[in-house]
Amino acid sequence: MYYIGIDLGTSAVKLLLMDGEGKIINIVSREYPLYFPHPGWSEQKPEDWYEQTVLGIKELIRDADKDQVAGISFGGQMHGLVILDEKDQVIRPAILWNDGRTTEETDYLNTVIGREKLSEYTANIAFAGFTAPKLLWVKNKEPENFARISKIMLPKDYIAYKLTGVHCTDVSDASGMLLFDVKNRCWSREMCDICGISTSQLAKCYESYEAVGTVLPEVAQDLGIRSGVKVAAGAGDNAAAAVGTGTVGDGMCNISLGTSGTIFISSEKFGVDKYNALHSFAHADGSYHLMGCMLSAASCNKWWMDDILGTKEYGAEQAAIAKLGENHVYFLPYLMGERSPHNDPNARAVFLGMSMDTTRADMTQAVLEGVAFALRDSLEVAKSLGIELTRTKICGGGAKSLLWKKIIANVLNLKVDVLENEEGPSMGGAILAAVACGEYGSVEEAAGKIVKVVETVEPETALVAKYEERYRQFKEIYPACKPVFQRNASVGPGKGADCVKG
């Protein structure tokens, strides 16, 4: 049988067709626009997601035996606010995870409601990208739209609804809304009251590997697949990527170098760090995980290459980098503000340390190292909880760079396991679909049989020591710049009004 994994990303939807043994049959990607209607805002149209998903599925299975398609599931960009009216029509464009408009609402939740109460209710504090602050923003700034809300959904769940007619979500994605009691895996009535909504406006919550329904007959006919194809709840992109990389069970780690960057640590036990610097979420395997998330990771390199250097020759630019651990140029990778561990939407990217002999290669290297150092910040928080890691998996577009993997291995002093495929969320979605259809008995069993490590990048003792010194200096830059970021808070990321990317 075949299983479809749908990775609903920020710039494109990526679809993967997998057979029951984990072999990838086909991969398709389709882009859609990203809108920046005001500085710091980031939006997309859910209708665009669905349109490109449908076209993508048709392309994906065009040459396959369509009768063998048994299940569909998802990995999806987290935190985005999708609101539907009583006729299930989209009320306004979705407000995305990297949108920075909710500073006032985030401050209200963290200071007036209080971090301790938020952590008690949801295991997390408020971050600008989370869904609850977005809801409060709509309530405060667009009361006419707030009054029309019948259903509150997340991006991938809108696709699931369009396929099945079921309003659903999963525990991992729901964990990032600040409306979910992570420890008890249910909606928080206290947070609903704070946001002025009812639990009936929220979707039914499933485990990621559970079937939520089947594809509607008219949709199945349009797609050319048989009726009865199961749709599983799926997971937030990072939890789905963890499934796709075999980061399930206790004490496993995955680093994702996508548009955003994450360090993801799976755990059988629920836990919260003292300062809520890491997110404490439910995992797609039925357990829990801790996650540090930086808002700009591979997107930093893309910005540097495409927009600043004006080149698509990423490999050629990296080939000019000669010496690791000796670069005197530093880069703070906060192009869209930062989440873990600083929780500062006003933070901005900074180059520091340039001189007359600084080269293009030095600055390219600084971008790659800056992302690695920022990931190390979150790893240090995990270490403070007594978590000891010796290795990590890696996925995402940035993981295709051998140089970047080497930098990460030495900055974090971890063995970096390279996988047979680096498809991450789409692979995880396909695995979740296979579990929902009974192909495997559990997520852990499926990942154990499907995911294969083909190479390990080992840290080098001398280089680890060099990067230890560089990291100590890197840690001093953000605190020094923070007052400047606060004074310049009116200058936001993004583009001017009506700008469209995509």
Side-chain angles (χ1 to χ4, degrees), residues 9-12 31-46 48 77-83 90-110 126-146 155 258-261 293-310 331-340 342-351 367 370-371 374 478 481-502:
T10 311
S11 58
E31 296 184 350
Y32 30 68
L34 178 62
Y35 299 89
F36 304 100
H38 296 284
W41 292 23
S42 182
E43 298 183 349
Q44 283 178 327
K45 296 178 180 179
D48 291 342
Q77 51 168 297
M78 297 178 69
H79 315 306
L81 177 64
V82 179
I83 48 178
V90 175
I91 293 173
R92 70 171 326 281
I95 305 175
L96 303 189
W97 60 274
N98 57 354
D99 186 283
R101 77 184 71 183
T102 62
T103 301
E104 292 179 9
E105 290 76 15
T106 303
D107 288 345
Y108 165 77
L109 288 168
N110 283 331
F127 288 78
F130 280 8
T131 317
K134 295 181 175 72
L135 261 178
L136 288 176
W137 184 90
V138 174
K139 183 180 180 181
N140 295 335
K141 304 296 196 299
E142 298 178 352
E144 69 287 354
N145 284 334
F146 188 83
T259 301
S260 61
C293 178
M294 54 185 298
L295 295 180
S296 302
S299 54
C300 289
N301 193 43
K302 179 176 171 55
W303 162 80
W304 175 244
M305 293 291 174
D306 295 4
D307 298 340
I308 306 303
L309 298 185
F331 176 72
L332 290 190
Y334 308 148
L335 290 170
M336 297 290 292
E338 189 54 301
R339 190 182 293 178
S340 304
H342 303 307
N343 192 15
D344 186 356
N346 297 324
R348 291 294 176 265
V350 172
F351 277 108
V367 171
V371 171
Y478 169 75
C481 292
K482 185 176 180 179
V484 180
F485 295 150
Q486 291 174 333
R487 288 196 297 271
N488 288 277
S490 61
V491 182
K495 310 291 184 182
D498 301 322
C499 182
V500 180
K501 183 178 183 181

Gap between atom [atom2] of [Y] and atom [atom1] of [X] - 0.5 Å precision:
{"X": "Ser260", "Y": "His79", "atom1": "OG", "atom2": "NE2", "value": "8.0 Å"}
{"X": "Thr102", "Y": "Ile95", "atom1": "OG1", "atom2": "CD1", "value": "8.5 Å"}
{"X": "Asn140", "Y": "Glu105", "atom1": "CG", "atom2": "CD", "value": "5.0 Å"}
{"X": "Glu104", "Y": "Leu136", "atom1": "CD", "atom2": "CG", "value": "11.5 Å"}
{"X": "Glu338", "Y": "Asn343", "atom1": "CD", "atom2": "CG", "value": "9.5 Å"}

So do the side chains of [X] and [Y] get within less than 4.5 Å of each other, counting heavy atoms only?
{"X": "Val371", "Y": "Met294", "answer": "yes"}
{"X": "Phe146", "Y": "Leu135", "answer": "yes"}
{"X": "Val138", "Y": "Ile91", "answer": "no"}
{"X": "Leu96", "Y": "Leu34", "answer": "yes"}
{"X": "Tyr35", "Y": "Lys45", "answer": "yes"}
{"X": "Trp304", "Y": "Leu309", "answer": "yes"}
{"X": "Lys141", "Y": "Arg101", "answer": "no"}
{"X": "Pro133", "Y": "Leu109", "answer": "yes"}

Output all residues satisfying ring pair (Phe, Tyr, Trp, His ring centres under 6.0 Å) with Tyr108, sequence neighbours left out; order by chain, then residue number.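 Partners of Tyr108 by the ring pair (Phe, Tyr, Trp, His ring centres under 6.0 Å) criterion come out as none, since no residue qualifies.
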Please name all residues satisfying side-chain contact (heavy atoms from CB on, under 4.5 Å) with Ser296, sequence neighbours left out, ordered by chain then number.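 Listed in chain order: Ser299, Cys300, Leu335, Met336.
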Of all the heavy-atom pairs spanning [X] and [Y], show the shortest one and how long it is.
{"X": "Gln77", "Y": "Gly9", "answer": "NE2-O, 2.9 Å"}
{"X": "Pro345", "Y": "Arg348", "answer": "O-NH1, 3.0 Å"}
{"X": "Val82", "Y": "Pro46", "answer": "CG1-CG, 4.0 Å"}
{"X": "Pro333", "Y": "Ala374", "answer": "CG-CB, 3.8 Å"}
{"X": "Asn346", "Y": "Asp344", "answer": "N-OD1, 2.9 Å"}
{"X": "Tyr478", "Y": "Ala347", "answer": "CE1-CB, 4.1 Å"}

Going by an N to O cut-off under 4.0 Å, is there a salt bridge joining Arg92 and Glu144?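 Salt bridge: no.
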[X] vs [Y] aromatic rings, parallel, tilted or perpendicular, using cut-offs 30° and 60°?
{"X": "His38", "Y": "Trp41", "result": "perpendicular"}
{"X": "Trp303", "Y": "Phe331", "result": "parallel"}
{"X": "His342", "Y": "Tyr334", "result": "perpendicular"}

Tell me if the NZ atom of Lys482 is crowded by more than 12 foreign heavy atoms within 6.0 Å.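 No.
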Taking CD in Glu142 as the centre, count heavy atoms belonging to other residues, nucleotides or ligands within less than 6.0 Å. Is the count above 12?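 Atom CD in Glu142 is crowded, with more than 12 foreign heavy atoms closer than 6.0 Å.
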Any donor and acceptor pair, going by atom type alone, linking the side chain of Glu31 with main-chain N or O of Ser11 inside 3.5 Å?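 No.
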Any donor and acceptor pair, going by atom type alone, linking the side chain of Ser42 with main-chain N or O of Asp99 inside 3.5 Å?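 No; judged by distance alone, with no hydrogens or angles, the pair does not exist.
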Consider side chain to side chain donor-acceptor pair (under 3.5 Å). Of Thr259, Thr10, Thr131, which one does Trp97 pass it with?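 Checked Thr259, Thr10, Thr131 against Trp97; only one passes side chain to side chain donor-acceptor pair (under 3.5 Å): Thr10.
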